[in-house]
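To keep things clear, I will list the structure first and then write my remarks on it.
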Amino acid sequence: MDLVDHHCHSVVRDDLDRAAFEELLTESDRPDGRAFESPVGSAVRRWCAPVLDLPKHAPAAEYLARRMELGTAEVTRRLLRSSGLSELLVDTGFAADRLLDLPELSATGDAPVREVIRLEALAESITGDFPAEFRAALARQRPVAWKSIAAYRYGLDLDPRRPDDSEVAAAWVPGRRIEDPVILRFLLWSAADTGLPIQVHCGFGDPDETLHRADPAVLQPFLHEIGTPVVLLHCYPYHRQAAYLAHVYPHVYFDTGLAVNYLGASAKTVLAEAMELAPYHKLLYSSDAFGLPEFYFLGATLFRRALRQILDSWVAGEDISAPDAARIADQIGAGNARALYGLSAD
Ligand SMILES: [Zn+2]
């Protein structure tokens, strides 16, 4: 199945000991040394172990020892190439110094890579006159999409009104992490003015966010005002809310992102729930892989498998025809991302 990973991050360059690996295998900021005792840990042992020449379900200690033996460069090469991805859209706005740069990622994975630029990171690089310099910086960039982490910095329950420049200038404090809702709204409106799609982190993530304020449903007033495409990322456990928003607003898209990886054996459940209401042309694939190449491979494997199982069951129940199932799989796997971001199929 043709798959475009429309939201992911690069992978770490260094070899990882058990603690460092486990830190990347959880969204918790309080690692307890038991990250493998979870659906994602089981999924790594089930699906990634054979790519490293180990039997399915190899114990975590053997998996990590084999990883060290092969070295990070070879592990990354194997897992990325086994993912069979047609294209990667990579968010470069977080921890870039630890990760492969985009040409390295593209060469290692043997797949084309395009950049998604994080609005908050771009704004935090501005040292002079705000908002004028931010607008100029935005105009200089050529990303395939923008990304907002307003959910981490304030919440998605933003006043939808476009702030004027005097409000923005009054709220701006140079050199500080952006958490002010006036600035966050300004970034979203400025991104919308470019016409490019805006990816918005929703739902599942690390405890830097307050979960209930990352529900995409609380972003509805903003979605109601804005006209450019907005892509709600991850969304779990609010993927049904996201499906509703994608149903009612022509410019709203969504994915189940990182949730598919973390749900492991239950990936099919979350995808099936997302597909209860979502129009076929509104759901996309992403892994939200960060740091570990395992997430690229797991995301692609679990998603392909879940989508096939769901569509097969629809065909078996005569809810849709086999040709319709093939067309829907093409749309969700790659076609929707290509249409939305203007990617070519070759
Ligand atoms: Zn991400």
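Order of appearance sets the numbers: ligands from 1, and atoms from 1 within every ligand. What you see is a predicted model, and the numbers here were worked out from it, not measured in a lab.
Between the side chains of S166 and D164, at least one donor N or O sits under 3.5 Å from an acceptor N or O. Using a 3.5 Å distance cut-off with no hydrogens or angles, the side chains of H281 and N336 do not pair a donor with an acceptor.
Not a single N, O or S atom of H201, from either the backbone or the side chain, sits less than 2.8 Å from the Zn ion (ligand 1). At least one N/O/S atom of D288, whether from backbone or side chain, sits less than 2.8 Å from the Zn ion (ligand 1). Residue H234: no N/O/S atom is found under 2.8 Å from the Zn ion (ligand 1).
Minimum-distance N/O/S atom of H9 relative to the Zn ion (ligand 1): NE2.
No continuous path of ILVMFWY side-chain contacts below 4.5 Å connects L85 to Y341, so the two sit in separate hydrophobic clusters.
No more than 12 heavy atoms of other residues, nucleotides or ligands shown are found within 6.0 angstrom of CZ on R98.
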